[in-house]
Amino acid sequence: MASNILRDPPAALRTLMAGFHQDFVHDVERAGSFDAAIARMPAEWLDPEDQEGLRPVLRALLDRASPSELKGLLRHSDAGYVFKAANARRIFELWAEALGA
C-alpha cells in the first residue's frame, strides 16, 4: 500500500503537502511553532471525511516508508519547501498524531 501512496498520493494528502507554501511562515508565527503549525494542518485544510480517510494512509506510510521516501514524496508534491529526511518523517508523524492515526 505504501508504494502505491508514494506513486499516487490521495487528494487529501496532496492538499496537506501543498500547505507548505511560501506563506507557511505566517502559519508558523500564528501557531507559535513549526510543529504546532503542522499539527493544525489536517483540521484547517481537510474536511472530516478526508481526515478520516487519511488516517490509514498516514499509518501505512509511517509503518512502511523510509524517511527518504517520505522526503521524496514531499519533494515531488506542490510543497514549496525542501525537507531533510528526518524532518519529513516528523511531518507525517505530526499529521498522524493530529488525526489519531
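Below, all heavy atoms of this structure are taken into account, side chains as well, without hydrogens, waters or symmetry copies. Predicted, not measured: the structure shown is a model, and the values here were computed from it.
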Colleague: Could you tell me which residues satisfy side-chain contact (heavy atoms from CB on, under 4.5 Å) with Asp8, sequence neighbours excluded, listed by chain and number?
Modeller: Arg14
Colleague: Which residues satisfy the salt bridge (charged side-chain N to carboxylate O under 4.0 Å, His left out) test with Glu69, sequence neighbours excluded?
Modeller: none
Colleague: Report, one line per pair, each donor and acceptor closer than 3.5 Å where one atom sits in a side chain of residues 52-60; sequence neighbours left out.
Modeller:
unit_1	atom_1	unit_2	atom_2	d
Glu52	OE1	Arg55	NH1	2.1
Glu52	OE2	Arg55	NH1	3.4
Arg55	NE	Leu99	O	2.4
Arg55	NH2	Leu99	O	3.3
Arg59	NE	Asp63	OD1	3.4
Arg59	NH1	Ala101	O	3.2

Colleague: With distance as the sole test, does Asp47 use its side chain to make a donor-acceptor pair with the main-chain N or O of Asp50 at under 3.5 Å?
Modeller: yes
Colleague: When you look at Leu16 and Ile91, which way does the side chain to side chain contact (heavy atoms under 4.5 Å, CB included) test go after all the steps?
Modeller: CA-CA 10 Å; Leu16 285 183; Ile91 289 166; over 6 Å; no
Colleague: Which donor-acceptor pairs under 3.5 Å do the side chains of residues 72-88 make with protein atoms, sequence neighbours left out?
Modeller:
unit_1	atom_1	unit_2	atom_2	d
His76	ND1	Gly72	O	2.8
Ser77	OG	Leu74	O	2.6
Ser77	OG	Ala79	N	3.0

Colleague: With rounding to the nearest 0.5 angstrom, report the CZ to CG distance, Arg89 to Leu94.
Modeller: 11.5 Å
Colleague: Does Trp95 reach the side chain of Met17, with side-chain heavy atoms less than 4.5 Å apart?
Modeller: yes
Colleague: Using a 3.5 Å cut-off and no angle test, enumerate the donor-acceptor pairs between side-chain atoms of residues 32-45 and protein atoms at least two apart in sequence or in another chain.
Modeller:
unit_1	atom_1	unit_2	atom_2	d
Ser33	OG	Ala36	N	3.0
Arg40	NE	Glu44	OE2	3.0
Arg40	NH2	Glu44	OE2	3.1
Glu44	OE1	Arg30	NH2	3.4

Colleague: So, do Ile5 and Arg64 sit near enough that their side-chain heavy atoms are less than 4.5 Å apart?
Modeller: no
